[in-house]
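What follows is a short report on a single structure.
Read the numbers this way: they start at 1 and go in the same order the structure lists the ligands and their atoms. This structure is a prediction, so every number in the text was calculated from the model and none was measured.
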Amino acid sequence: MRFFPILCLVLFFSHEVASRQRSRSKEKKKAKELSVGALGTPSSIEFAFRLYRVLASEFPSQNVFFSPMSVSMCLGMLSLGSGLKTKAQILESLGISPQQGQEDKFHKGFQQLLQRFSQPGDGLQLSLGSALFKDPAVHIRDYFLTGMKTLYMSDTFSTNFGNPESAKNQINDYVAEQTKGKIVDFIKDLDSTHVMVVVNYIFFKAKWQTAFSDTNTRKMDFHVTPKKTIQVPMMNREDGYSYILDQNISCMVVGIPYQGNAIALFILPSEGKMKQVEDGLDERTLRNWLKMFTKRRLDLYLPKFSIEGTYKLEKILPKLGIQDIFTTHADLSGITDHTNIKLSEMVHKSMMEVEESGTTAAATTGAFLTLRSARPRSQNLSFNRPFMIIITVDSNVFFVGKVIQP
Ligand SMILES: *[C@@H]1O[C@H](CO)[C@@H](O)[C@H](O)[C@H]1NC(C)=O
Ligand SMILES: *[C@@H]1O[C@H](CO)[C@@H](O)[C@H](O)[C@H]1NC(C)=O
């Protein structure tokens, strides 16, 4: 049995020094409405939340952070190379009907996404891609190579896995370069049984449309549990925010726009209602939030934090019905003629930092006071206990996470 590890890698971070401008005209622009737009397909959003629930139950009382976009892209590439039952399991778990037309549309969706983000955008830096490292001794089908190249814009490299050390260096160097040095030593072990590695990465760097002022950031209590309190740096900005109180699943949601078309949704469950919110998350709820957001003046407290998640998806995806590919029943006949190949590893890693910086400076303290007296009292909203985060870009769900301990 030769092993065929797939490494899905994702990286998200948003830290850049804000250019602190004091312009009042920017003050108006920052209230720009969040667009509803056409959300990513309903099935892709349902997949994101199903995967979230499995991760949250596998790792109780821990932070969760992953990119459903990156995971489904990896699965898309694998489905391209798998046959019959193996392929059917992958597509079914992603909610794709096995009809040829649907499957083509699914792959084309990624192709369009990759094309769109290959152009440098307006302040939002997003690079999304994948690469295939294969041993020259393994013959890979042209059909698969072409699909990887045209649909997934994947680079292909010839790698001598007979020399695991140099193969590892080649892959790690590539990952480090693509992620601008943010992830080094991604692959820890590689032995000569490996014949092919697929890496998928997302590099996202965004600034808030409106920065938080770092002079407002101070240490405050965060209630990890009702009994355990820690001190965290808490950012603060009083402003008009997109807000909704969802009584159906008991939570408050604040949408904070990044520059470009990315929005971070911060979801604060009512006291003791985290489970209810996690169970209630679905495509319709997300759509409702984006549709029903109203502008609300909030005195918002949000921890400055970083979060990361590393998951061995070969242990997780079988719980979503994707089983065969990780066993000797794997049918990877679309990739190679070698019949004794299974997928031994599928690693997913993602990271995110939440900081003050934005493209527009937060209102200065002076301006703040005038605004405060001229406007109705704002509501105090503090993310000082576990909360969830969802990041959408162009209405696709790119990241989902839960912050238990910032
Ligand atoms: C709450 O549920 C009602 C009834 O199903 C629905 O009409 C409403 O849109 C829901 N609200 C939200 C915020 O999802
Ligand atoms: C608002 O929340 C913060 C953080 O929990 C708290 O320190 C502050 O006293 C609150 N302000 C009011 C007016 O309740």
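Within the 4.0 angstrom cut-off, atom 7 (O) of ligand 1 has no protein heavy-atom neighbours. Under the 4.0 Å distance rule, the nearest protein heavy atom to atom 12 (C) of ligand 1 falls inside the cut-off.
The nearest protein atom to atom 5 (O) of ligand 1, hydrogens excluded, is given as R284 NH2, 3.8 Å; this is a heavy-atom distance. Among protein heavy atoms, atom 14 (O) of ligand 1 sits closest to N288 ND2, 2.9 Å. In terms of protein heavy-atom proximity, atom 3 (C) of ligand 1 is closest to N248 ND2, 3.6 Å.
In this structure, the side chains of W208 and Q259 stay at 4.5 Å or more apart for every pair of heavy atoms.
Atoms NE2 and NZ, on H223 and K227 in that order, are 14.5 Å from each other to the nearest 0.5 Å.
The aromatic rings of F66 and Y311 sit perpendicular to each other, their planes meeting at more than 60°, with 30° as the lower class boundary.
Proximity of T285 to ligand 1 is not established, as no heavy-atom distance is less than 4.0 Å.
Side chain of R237 to backbone of T210: a donor-acceptor contact under 3.5 angstrom is found.
If you check the side chains of Q111 and T150, you find no donor sitting under 3.5 Å from an acceptor.
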